[in-house]
Amino acid sequence: MGGAVSAGEDNDELIDNLKEAHYIRSDLVERAFRAIDRADYYLEEYRDNAYKDLAWRHGNIHLSAPCIYSEVMEALDLQPGLSFLNLGSGTGYLSTMVGLILGPFGVNHGVELHADVIEYAYQKLDLFIKTSDSFDKFEFCEPVFVAGNCLEIPPDSRQYDRVYCGAGVQREHENYMKNLLKVGGILVLPLEEKLTKITRTGQNSWETKKIIAVSFAPLVQPRQDINGKTRNVPLPIFEVRSLQDLARLAIRHTLRATSGSPEGRSKSRVSFPGARAMHRYGPRFKRRRLHRRRVDSLILRDSAIPSLAELRAHGAPRESEDGEEEGDEEEDEGARGKCGGRSCSSRRGKGARGDEEQEDEEEQVARDEEEEEEEEEKGKGEPQGEPPVNILRERILGLPLPEPLKLYLLYYREK
């Protein structure tokens, strides 16, 4: 499933394409997608395919198409502090994006059938925390994964605000999935070849909405032991953060809020990963292209209208001071005939107005191009090939604290 949008050269261009096709519609979802490079969840030898709008599978490792993840993220209507359960959590790509929105006081759990995929997911999660600059731009809810079949969750397990299932759900398992939700919660799942959003509006009431047609591998049915019983898969525990961890979160939040990061409403133009690409390929860039097209069309349109000097050079009647044309009535009639029943003076007036419009458009384009050149000159002054400064990290390292405490505040990050 996939191929709804064209391939991108990098993660930002892929997100631009998803936005243009209206798969990504909210700023919150866009920020999460830009913060995590999809290619980081591919095996190294397959990274070249990461920015295509296609699903990818290698052994037990699987990623859905970007357009599917976009629709899922939008349908979940995520908010900070909610609890989320990902059934078939796979590489952890979706769970990590969700964690950027849930924040440190949310709950982020996943159930995955294959133990080797869980190991892979934790490797990718560890890499994200230790090396990605995006980690310092968000308050993150780390996902926790358990191995097992999601159809073997005990019926008395705790319920969640948001649930997603990444495998095709048979109709007989629909109620089982619904019972994982709190009242007011949202369940998104592939049901009978349609990505479906189910909202629990009451203890026994639901609202269902079909989103798009999809094709998912079906859920694996539970295996029974020799006694005909299936084993239970306990969900992760809802843990309360330690006082030490809360202190770290509070310090990092304060430093982030006062250092001009996205959460502190920075005045910096680059507010999150990919913002520079958004600036170039966003609405303003489209307006610039539109200005150029308008100017080109004006030039082509007005090239067929003779200027006042050209008309005079070819002996066209001149206007007197009181605005009346010199020449007899026959010449006037002939001129009107050549102008299609309209006076040539009105045509010249329209041509003049067209010239004024053209000049205005050209001036606007010139101003836009000057701004582009200024931005390029600023970019030339920046060191090439070096990542932007991580302000939060710099502020922590500058605190008058023991080194072990600084490392703790940095989550022992490698960058």
Side-chain angles (χ1 to χ4, degrees), residues 10-13 15-16 26-40 78 80-81 96-106 108 124-143 241 244-282 284 371 374-415:
D10 55 24
N11 195 66
D12 278 326
E13 191 169 328
I15 307 310
D16 291 339
S26 65
D27 291 340
L28 203 58
V29 170
E30 179 187 353
R31 288 191 62 220
F33 268 86
R34 291 194 187 276
I36 300 176
D37 196 324
R38 178 177 167 87
D40 290 342
L78 297 163
T96 303
M97 286 195 293
V98 169
L100 297 176
I101 299 176
L102 296 182
F105 303 111
N108 193 357
K124 296 303 179 182
L125 175 63
D126 188 56
L127 186 69
F128 171 72
I129 292 173
K130 288 187 175 180
T131 66
S132 174
D133 281 336
S134 294
F135 180 80
D136 284 334
K137 294 178 171 65
F138 293 82
E139 296 187 12
F140 185 50
C141 181
E142 295 181 28
R241 289 185 177 272
Q244 185 179 12
D245 199 23
L246 290 173
R248 174 168 63 179
L249 290 171
I251 293 170
R252 286 173 62 88
H253 174 80
T254 301
L255 293 174
R256 186 185 291 110
T258 58
S259 63
S261 70
E263 311 330 339
R265 295 295 181 262
S266 167
K267 293 183 180 179
S268 171
R269 301 183 68 173
V270 183
S271 58
F272 55 88
R276 189 176 296 277
M278 284 180 64
H279 172 70
R280 179 160 181 78
Y281 295 105
R284 187 179 176 199
E371 290 178 6
E374 289 176 4
E375 291 172 7
E376 290 175 0
E377 289 298 324
K378 290 179 182 178
K380 289 178 182 178
E382 297 174 356
Q384 297 297 318
E386 295 182 7
V389 175
N390 187 323
I391 299 176
L392 178 61
R393 179 182 178 85
E394 294 300 315
R395 294 201 67 181
I396 290 174
L397 291 175
L399 293 173
L401 297 172
E403 287 301 315
L405 183 52
K406 291 181 183 180
L407 292 176
Y408 178 76
L409 289 174
L410 290 170
Y411 282 85
Y412 305 97
R413 287 168 51 76
E414 296 175 359
K415 290 180 65 178

Would you check if [X] and [Y] make a side-chain contact, meaning some heavy-atom pair closer than 4.5 Å?
X: Glu142; Y: Asn108; value: no
X: Leu397; Y: Leu410; value: yes
X: Leu409; Y: Leu401; value: yes
X: Pro143; Y: Leu125; value: yes
X: Val98; Y: Leu78; value: yes
X: Tyr412; Y: Ile129; value: no
X: Phe138; Y: Leu102; value: no

Working for side chain to side chain contact (heavy atoms under 4.5 Å, CB included), residues Lys124 and Asp40: CA-CA 7 Å; Lys124 296 303 179 182; Asp40 290 342; 5.6 Å; no
What distance separates [X] [atom1] from [Y] [atom2], expressed to the nearest 0.5 Å?
X: Phe135; Y: Thr96; atom1: CZ; atom2: OG1; answer: 11.0 Å
X: Arg256; Y: Leu249; atom1: CZ; atom2: CG; answer: 9.0 Å
X: His253; Y: Ile251; atom1: NE2; atom2: CD1; answer: 12.5 Å
X: Glu30; Y: Asp12; atom1: CD; atom2: CG; answer: 9.0 Å
X: Leu127; Y: Ser132; atom1: CG; atom2: OG; answer: 8.5 Å

Restricting to side chain to side chain donor-acceptor pair (under 3.5 Å), what partner residues turn up for Asp245, sequence neighbours left out? Arg241, Arg248
Please identify each residue that fulfils side chain to side chain donor-acceptor pair (under 3.5 Å) with Glu403, with sequence neighbours left out. Lys406
Give the minimum heavy-atom separation between Ser134 and Phe128, together with the two atoms involved.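 Taking Ser134 first and Phe128 second, the nearest heavy atoms are CB-CE1, 4.1 Å.
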Closer than 4.0 angstrom, basic N to acidic O: yes or no for Asp126 and Lys130?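 Yes, this pair counts.
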Does the distance from a Lys or Arg side-chain N to an Asp or Glu carboxylate O, for Asp136 and Arg252, drop under 4.0 Å? yes
So Arg413 and Asp133, side chain to side chain contact (heavy atoms under 4.5 Å, CB included) or not? Walk me through it. CA-CA 10 Å; Arg413 287 168 51 76; Asp133 281 336; 4.0 Å; yes
When you look at Asn11 and Phe33, which way does the side chain to side chain contact (heavy atoms under 4.5 Å, CB included) test go after all the steps? CA-CA 8 Å; Asn11 195 66; Phe33 268 86; 5.8 Å; no
